[in-house]
Amino acid sequence: MLALLHLLCLPLLSYALSNDAMRQRRVYQLVTDRFASPSNSSSAPCNVASAPYCGGTYKGIVGKLDYIKGMGFDTVWISPVVSNIGGTTGHGQAYHGYWTLDPAKLNDNFGTADDLKALSAALHAKGMYLMVDIVVNHVAATSGSSFSPSSSYGQFSTAASYHPFCWITDYTNQTQVEQCWLGDDQVALPDLNTDSSTVSAYWNAWIKKLVSDYSIDLIRIDTVKHVAQSFWPSFLASAGVGNVGEVLDGSPSYVGAYQKSAQINPFNYPIYYPLVRAFNGTGGNMTELINMSGSVKSSFSDPTLLGGFLNNHDNPRFESWVSDAALIKNAHAYSFVSDSVPYLYYGSEAGFKGGADPLNREPLWTSNFNTGSDLYKFFASLNAARAAAGNASTSFYTTQMTLTSLSAKDLLIAKGPLLSVLTSRGASGASNSINIPQTSSGWGNNVAITDALTCAQFNTASNGALSVPIEGGMPRVLIETSKRGSLCSNSTSTNTSTGGKSAAGRRGVVDGMLALSAGAVALLGGAMML
Ligand code: ABC
Ligand code: CA
């Protein structure tokens with residue numbers, strides 16, 4: 001028995017498996033203060049414009065895990081957990097968690113240490129993972145040039161822990177980006193001297209303890225480009241868990257260097273800007289997106305480990321620019337059918353449209369956590385498609401996609417066994433069919449194909465080509481019916497192009513997918529916490 005356990009455990013300890021496990025995640029990003037309050041009253045006020053704490057807590061999240069899991073997500077990214085500066089600043093309160101005071105203490109607005117442990121345990125009990133946001137670049141203060149650290153900052157109570165005051169004014173000057181301060185006179189972010197061995201030793205011990213105290217599975221790292229690359233490898237080794245890092249820059253070579261040289265798995269900010277432009281109206285052209293995906297491939301050591309997103313807490317929601325429901329779905333679908341690990345920012349499923357920070361951090365409780373909405377089911381279908389592809393082929397997650405332009409507005413993404421068609425035609429755009437040649441799909445002659453989004457079925461022709469209609473400008477996410485597993489298993493539609501599908505059928509799809517993957521998820525969870 002012991003020998004068997006040994007055999008089972010050994011390969012799970014390897015660092016490589018941590019990356020394998022990362023690729024299979026589907027991440028739901030929430031702002032702890034804005035996701036769920038214990039009372040969950042849909043009328044509880046939250047004036048986002050004035051940026052106050054609105055009452056969301058860890059207990060609130062625990063109560064809504066089925067809402068997240070039911071959409072097919074298996075990982076929850078929560079806000080930074082450490083204690084923050086109090087009071088109301090010129091930019092409101094520290095409800096987002098990025099204004100660190102003492103990193104050795106927790107932010108008690110979100111609950112107690114036991115509440116955070118309970119959240120971690122509740123996630124693991126459901127075969128899900130906890131991703132915690134962490135900040136090592138800075139602390140926060142309400143004064144810039146006159147900042148003088150005190151014992152409230154815990155370990156960082158003397159000037160020796162900081163880079164001398166200067167604002168970052170030139171983002172092309174990397175020394176400035178690393179050593180000067182973010183923020184402004186309302187809220188300064190005093191820059192820690194992460195180049196000092198005392199500071200880096202503190203952070204290394206801190207992350208090890210945080211991960212262990214709260215059984216954290218993954219970390220999201222803030223302000224990565226503001227800390228020297230040489231800081232990260234030993235910090236990540238101390239963390240001992242997978243990471244996704246924020247390198248907020250549109251240049252693939254600049255961002256790619258953090259993966260090549262510093263073991264960070266960045267969010268795919270280089271693709272974000274062309275992605276928005278591709279679907280930011282019905283004139284959207286796919287060329288820039290295709291070209292950027294090529295640059296990303298050559299600039300990163302492994303594009304399948306990047307974080308793919310359309311929305312997050314720092315940018316205006318895509319829906320604040322675009323109201324066409326089909327364009328919104330196409331833009332969101334990209335992150336789920338392409339190489340990156342998919343991230344969904346909470347509220348996208350509720351149709352939130354908030355603009356620039358702080359308006360993009362709406363309370364979710366006003367939505368009543370509706371699991372019956374068209375968008376909720378849309379994201380569930382995308383997750384189910386990704387899971388089905390991974391179940392059908394072990395190489396799905398590591399296979400790099402191929403992007404082909406089918407026309408100026410139509411994009412084919414091949415990532416076997418998934419083949420997706422995204423289009424910027426828009427809800428009232430043309431409905432002419434897309435022709436996918438066998439050379440692009442690799443599908444056999446006369447085989448049945450399922451669209452994961454509608455459960456409609458099609459057949460390839462006797463030469464293997466597939467003609468698939470575009471309806472209402474909606475994307476298509478296609479997989480061979482023989483490989484779909486439980487995806488659309490409750491569907492009654494066959495060989496149709498109309499894609500009629502009952503809501504009940506769709507729910508069955510998601511439930512089936514989660515049941516299938518639960519064992520694997522639990523196994524990986526054990527590995528990641530070892
Ligand atoms: C508060 C208010 C805002 C107000 C702001 C000045 O102060 O809420 O209304 O406008 C936290 C809070 C924020 C808060 C800030 C500052 O603290 O969440 O609400 O804003 O007090 C991370 C987090 C972010 C967090 C912090 C600080 C850092 O995700 O939520 O903010 O812990 C830079 C950093 C990046 C940081 C971001 C907010 O600022 O690099 O880590 N995000 C250029 C620069 C980027 C820069 C970006 C800012 O501008 O290169 O470094 O990000 O908009 C592309 C280019 C890019 C360019 C973009 C805009 O365009 O290639 O280089 O980015 O094409
Ligand atoms: Ca710095």
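Start at 1 and go down the list; that is how both ligands and their atoms are numbered. Worth knowing before you read on, the calculation uses all heavy atoms, side chains too, and leaves out hydrogens, waters and symmetry mates. Numbers for residues simply follow the sequence, beginning at 1.
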Query raised in the report: Honestly, is Lys64 close enough over Phe35, meaning NZ or CZ under 6.0 Å from the six-membered ring centre and within 45° of the axis?
Result: no

Requested in this report: Run the ring-centre check on Trp203 versus Phe156 and record whether the distance is less than 6.0 Å.
Outcome: yes

Query raised in the report: Considering only heavy atoms, does Asn312 approach ligand 1 within less than 4.0 Å through its side chain, its backbone, both, or neither?
Result: neither

Query - Identity and separation of the nearest protein heavy atom to atom 62 (O) of ligand 1 - result: Asp249 OD2, 3.6 Å

Report task. Report the part of His313 (side chain from C-beta onward, or backbone N, CA, C, O) that has a heavy atom under 4.0 Å from ligand 1; answer both or neither where that applies. Result -> side chain

Report task. Before signing off on this row, confirm whether Arg361 and ligand 1 have an N or O atom pair separated by under 3.5 Å. Result -> yes

Requested in this report: Around atom 50 (O) of ligand 1, find the nearest protein heavy atom and jot down its residue, atom name and distance.
Outcome: Lys225 NZ, 2.8 Å

Report summary line: For the Ca ion (ligand 2) the protein N, O or S atom count under 3.0 Å stands at 5

Requested in this report: Record the part of Asp357 in heavy-atom contact with ligand 1 below 4.0 Å; permitted values are side chain, backbone, both and neither.
Outcome: both

Query raised in the report: Any idea which heavy atoms bring Met22 and Asn243 closest together, and the distance?
Result: CE-O, 3.3 Å

Query - Residue portion contacting ligand 1 (non-hydrogen atoms closer than 4.0 Å) for Trp99 - result: side chain

Requested in this report: Pick out which of Asp324, Asn330, Asp410, Thr282 makes a side chain to side chain donor-acceptor pair (under 3.5 Å) with Arg425.
Outcome: Asp410

Requested in this report: Decide if the gap between the ring center of Tyr98 and the ring center of His313 is smaller than 6.0 angstrom.
Outcome: yes

Requested in this report: For the residue pair Trp181 and Phe147, categorise the inter-ring angle as parallel (less than 30°), tilted (30 to 60°) or perpendicular (more than 60°).
Outcome: perpendicular

Requested in this report: Starting from atom 1 (C) of ligand 1, find the nearest protein heavy-atom neighbour and note its residue, name and distance.
Outcome: His91 CG, 3.9 Å

**Report entry** Region of Asn137 that comes within reach of ligand 1 [heavy atoms, distance under 4.0 Å]
**Finding:** neither

